[in-house]
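Just so it is clear, the values below take in all heavy atoms, side chains as well, and ignore hydrogens, waters and symmetry mates. Letters A, B, ... are given to chains in the order of the sequence lines, protein chains preceding strands, and every chain is numbered from 1.
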Amino acid sequence: MALAFAAALVDLLAARGYAAVAASAFILASLLTGAGPATPYLKPSEFAAFVAGIYLAIVLYSHFYMEKTERLRWFWGWMGLFFGSMELFLLADHWVLLLLGWAGLDLASWGLILTYRDSDEMGHVGDGGRTAGVTWLWTPSSSALRAIVTVEVGTASLFIALASLATQYGPFISGWGSAGDVVAALVLTAAFAKAAQLPFTDWLMTAMSAPTPVSALLHSSTMVKAGPILLLKVGHLLPHWAAEAAFVVGAATAFVGGLTALGQREPKLVLAASTASYLGVITAVALENPREATLLIYAHGFAKAALFMAVGHAIHVSHSRFPSSYPLVAKAAIALGMLTLVGVLPLGALAKNETPLWTVAVSALTVGYLGKLLRLPSSQDWGPMWVPYLALLIAPNFIYFAVPSPILLLSFLGGVLAFTGEWEVFKRRFYLPVLFDGVIPFLFRCGWRATAAVDKAVDGALQSSASLWRLAVDAVTVLDWAIDAALHDGLVSGVRRVSARVAGLRLDYYLYMAGIAAAFIIAAVLALGLWR
Amino acid sequence: MYSDLFLLATALSAAFAVAALRLGLPAALASVASMLLFLAPGGGSLGTMPYVGDVAVAVDYYKAPFIAVSVMLGLLVAIYSPRYLLHLQAPSWYYGVHALYVLSFVYVILFENLIFVFLALELSIITSFLLIWYFGYGNRRFVALLYFIWAQAGSILFLIGVAMSGAFLADVFKASGLASTLVLIGLLVKMGTAGVHFWLPYAHAEAPTPLSALLSPVHVGLMAYWIWRLKTGAGWPLDLLFLYGLATAVYGSLLVFREVDFKRALADSTIANMGLLVAAASISRLEVSYAATALLFVGHAFAKAALFMLAGLYIVSLHTRIIGEARWDRYLLAVGVLGFVALAGLFGITLVGKAYVAAGVPHLPHVVALAVLALVSTAVYSFYLFNQMYKAGEGRFEYPAEMYAAILAAAAAPYVLLLVLPLWLL
């Protein structure tokens with residue numbers, strides 16, 4: 001783990017991906033030779049070598065694809081963090097480490113989406129059309145913000161779910177017992193957001209602002225795959241209804257994604273929608289049949305990494321997001337990728353022979369949208385960037401062996417879809433962007449504006465109460481003056497006046513008169529007493 | 001004897017702080033560096049006073065992160081300050097007040113006697129008030145008075161509550177009814193949580209930026225330690241307090257979106273983070289609560305200080321406070337990423353802090369929904385602000401290397417600390 005993160009730092013400083021190659025090759029070799037974590041905080045994962053292998057192929061490819069791209073420090077630094085975070089997520093048995101890996105994936109994908117500058121057309125997604133109040137054009141910065149905001153809903157949910165389980169059962173995931181309904185709902189939300197399942201699908205489409213090697217990594221073995229892998233890790237703890245919910249959401253996404261892919265003209269968007277679709281299949285079966293889901297993760301991972309790199313080959317050669325032709329070798333890879341996805345080649349057959357029948361319909365859609373790419377003209381380019389992606393398709397199909405079930409061949413009926421046009425509702429991704437770029441931002445704007453208005457009103461009232469304070473101070477001042485005047489002026493001068501008046505009086509005369517009056521009264525009282 | 005060490009550290013830091021009034025930065029650095037002496041673990045009594053009782057001081061495992069972060073940021077901000085003070089045309093006595101302000105943070109945590117905690121709070125109010133009054137922006141005297149009145153109200157409510165409780169030592173603090181309520185309200189006013197936050201955006205945004213880089217990250221956050229510490233004896237309704245903290249986090253996050261001013265946006269974000277800290281401090285399990293409080297405090301402090309200092313760098317170099325005008329080169333972009341990501345709690349030590357806050361969420365659907373909203377909103381506003389900065393675009397301009405170095409050190413700290421976190425927890 002330390003090596004993976006250290007390689008990210010080295011590549012960040014050196015602006016070269018050599019450390020990434022060395023680290024992934026070393027980690028892959030170590031894992032293949034049986035090396036495993038020697039700490040209770042980490043547990044072996046069967047996906048660790050798979051991720052390292054795909055990452056190695058993609059970083060080799062990136063050396064060609066990114067050779068004339070700016071911001072290589074940025075690119076390589078985030079790529080290293082992406083890989084390290086995925087491995088940490090896979091191996092973690094301690095809940096906090098798992099969260100670090102999970103959040104590291106969010107962060108790295110956000111950073112990688114920002115690789116191209118906003119002014120660089122290669123980082124744009126969409127045709128610029130305007131539908132339902134939304135402009136169909138996303139720059140890297142808007143794509144990155146969409147991605148992080150959406151996946152953060154899942155990450156926050158996972159924080160609470162894992163923290164809750166850790167509080168109940170202790171910090172190690174392998175020691176956890178069953179989870180309640182609330183925790184299950186949170187885990188499902190986390191998995192759905194990460195795996196771009198409905199209604200969280202659209203961030204994955206605009207994440208295509210990232211360079212193609214990033215898409216290849218993000219869609220095949222990291223980030224989105226963390227969603228179903230999370231379900232595999234903790235699925236046995238969840239109540240039964242969780243499997244049903246995962247099935248409904250997964251199956252719905254599988255078809256929505258497949259149909260969306262049929263309507264796209266940008267090849268990367270075709271593959272992005274395809275990823276949502278296949279992750280839908282994996283999510284749908286993950287809780288009911290974990291082994292099946294594991295095989296699907298492998299098959300889809302190898303195929304999708306190769307498909308992205310093949311499409312990227314055409315983009316690289318044509319310098320356009322809409323290549324009008326594909327190198328022959330890329331088309332061969334697209335064909336092999338398609339055969340793997342629908343389950344005809346050994347790796348795909350191993351994965352799909354046991355899948356439910358409805359997944360054949362998803363495969364038919366796959367033949368339709370990948371068939372559209374295969375129908376485009378061929379070109380000749382034999383630059384070395386084809387080696388990694390072709391290797392990813394050929395090698396695993398030699399390692400595994402399986403004969404496809406005949407029913408899977410029905411998928412080829414979808415070939416007719418390759419000749420259909422771009423239906424508006426599919427092209428507009430079932431208008432999900434209206435939700436994410438129109439409705440939610442509007443509601444959010446209303447929310448913060450209302451909050452700000454209330455805050456301003458109370459703040460204003462408090463500040464205007466300062467005048468009441470001033471009034472109170474004035475009243476106290478007047479009262480104080482009045483008392484002061486009464487005590488120090490009125491009373492003193494009153495006493496002085498009385499005193500002066502008293503001093504001016506002829507007291508001896510008054511005393512004489514008072515004495516006579518008193519004597520008269522006494523004499524009268526005595527006379528009355530004697531008379532009675 | 002810890003009390004002797006305390007007196008020595010106090011004498012040194014106070015003497016250097018006084019010297020800094022005339023000598024400026026070197027003496028201020030010596031003063032703040034002397035405060036590292038306080039970190040030696042131990043405890044003791046400085047004496048006994050009538051009515052107030054034992055004037056106890058202590059540093060332990062629980063206090064150390066709060067003190068260490070205060071001192072480290074005090075040093076970083078001092079290193080950052082010279083060019084900024086040149087911009088403000090501030091005299092050298094600024095540094096002396098800065099050092100005393102940092103000393104007040106140390107005292108706020110160090111004292112075990114709550115009456116002395118109040119006195120430390122007074123020192124922090126007076127020093128920060130002076131700096132806003134003389135060197136603030138906008139209607140600085142109005143803002144300084146506003147800050148002073150609110151801060152005093154908070155401190156005095158705390159003091160009255162403590163006085164009514166009759167138990168002045170934190171270890172034996174026991175309060176109920178009005179006394180307990182007053183202590184809580186006093187601490188919340190000083191933190192600037194929803195409803196008692198109206199002073200915060202003014203004070204933190206209009207303060208001179210080196211002060212903002214301590215006021216917002218450290219000063220208000222230290223109150224969370226006392227909420228955590230006193231909650232057992234105070235008998236506060238912790239479930240309600242947890243909800244209030246989460247609601248404050250959402251409220252503060254929403255306020256961020258109204259701002260175009262870099263510093264005001266960061267000030268509003270402090271309200272949100274204080275909400276998370278209140279939630280963290282009010283988790284009923286003490287150890288989980290402590291981990292959440294300390295980790296969030298440390299992560300937020302470094303990230304927020306880095307971002308305030310970055311805002312200050314733009315004020316000095318580009319003469320703008322508008323975040324949408326904050327152009328960047330790769331170095332500034334790097335600290336922007338480090339700072340905003342740590343503030344969001346998506347990586348670094350703040351992520352672990354958020355994870356521990358999540359551990360306090362009860363299994364009630366409405367609380368879970370509020371908690372998800374709080375965790376999401378506190379992350380989203382950070383990325384929104386980063387996006388505003390990012391969209392300003394690249395630009396080449398000169399900025400002081402020492403300012404950048406201080407920002408980078410603060411911005412990188414939440415990630416470096418993530419590496420050493422296991423050592424601390426063990």
Peer 1: Minimum heavy-atom separation for A:Leu100 and B:Phe347, please, with both atom names.
Peer 2: O-CE1, 3.5 Å

Peer 1: Write out all pairs satisfying side chain to side chain donor-acceptor pair (under 3.5 Å) with one or both partners inside residues 153-163 of chain A, taking only residues at least two apart or from two chains.
Peer 2: A:Trp102-A:Thr155, A:Asp106-A:Thr155

Peer 1: So how far is it from A:Thr451 OG1 to B:Arg258 CZ, rounded to the nearest 0.5 Å?
Peer 2: 9.5 Å

Peer 1: How many angstroms lie between atom CG of A:Leu145 and atom CG of B:Asn387, to the nearest 0.5 angstrom?
Peer 2: 4.5 Å

Peer 1: Taking A:Arg449, A:Arg445, A:Arg71 one by one, which has the highest count of heavy-atom pairs under 4.5 Å against chain B?
Peer 2: A:Arg71

Peer 1: Can you tell me how far apart NZ (B:Lys354) and CZ (A:Phe159) are? Round to the nearest 0.5 Å.
Peer 2: 6.5 Å

Peer 1: With a cut-off of 6.0 Å (strictly less than), are more than 12 heavy atoms of other residues, nucleotides or ligands near CG of B:Asn139?
Peer 2: yes

Peer 1: Using non-hydrogen atoms only, which part of B:Val368 is less than 4.5 Å away from chain A: side chain, backbone, both, or neither?
Peer 2: both

Peer 1: State, to 0.1 Å, how close A:Glu152 and B:Leu375 come at their nearest heavy-atom pair, and which atoms those are.
Peer 2: OE2-O, 4.3 Å

Peer 1: Does a donor on one side chain and an acceptor on the other come within less than 3.5 Å for B:Tyr390 and A:Asp118?
Peer 2: no

Peer 1: Quick check for you: among A:Val149, A:Leu107, A:Asp455, A:Leu162, which has the greatest number of heavy-atom pairs under 4.5 Å with chain B?
Peer 2: A:Asp455

Peer 1: Between A:Ala163 and B:Ala358, what is the shortest heavy-atom contact and its length?
Peer 2: CB-C, 3.6 Å

Peer 1: What distance separates B:Leu346 CG from A:Leu105 CG, expressed to the nearest 0.5 Å?
Peer 2: 10.0 Å

Peer 1: Between A:Ala452 and chain B, with a heavy-atom cut-off of 4.5 Å, which part of the residue counts as in contact: side chain, backbone, both or neither?
Peer 2: both

Peer 1: Which atoms of B:Leu364 are under 4.5 Å from chain A, going by heavy atoms: the side chain, the backbone, both sets, or neither?
Peer 2: neither

Peer 1: Under 4.5 Å from any heavy atom of chain A, what part of B:Val380 do you find: side chain, backbone, both or neither?
Peer 2: side chain

Peer 1: Under 4.5 Å heavy-atom distance to chain A, tell me which part of B:Ala371 shows up: side chain, backbone, both or neither.
Peer 2: both

Peer 1: Please state whether the side chain, the backbone, both or neither of B:Ile149 comes within less than 4.5 Å of a heavy atom of chain A.
Peer 2: neither

Peer 1: Calculate, to the nearest 0.5 Å, the distance between atoms CH2 and OH belonging to A:Trp448 and B:Tyr384 respectively.
Peer 2: 6.5 Å

Peer 1: Give, as side chain, backbone, both or neither, the part of B:Val337 having an atom under 4.5 angstrom from any heavy atom of chain A.
Peer 2: side chain

Peer 1: Find out whether B:Trp199 and A:Leu462 are in side-chain contact, i.e. whether some heavy atom of one side chain is under 4.5 Å from a heavy atom of the other.
Peer 2: no

Peer 1: Counting heavy-atom pairs under 4.5 Å to chain B, which of A:Thr167, A:Leu186, A:Ile160, A:Val458 comes out on top?
Peer 2: A:Ile160

Peer 1: Is the CD atom of A:Glu70 crowded by more than 12 outside heavy atoms at less than 6.0 Å?
Peer 2: no

Peer 1: Pick from B:Val256, B:Leu418, B:Val372: which one has the most heavy-atom pairs with chain A under 4.5 Å?
Peer 2: B:Val372

Peer 1: Between atom CZ of B:Phe383 and atom CD1 of A:Ile148, what is the distance when rounded to the nearest 0.5 Å?
Peer 2: 4.0 Å

Peer 1: Picking from B:Phe142, B:Tyr251, B:Phe386, which has the most non-hydrogen pairs under 4.5 angstrom with chain A?
Peer 2: B:Tyr251

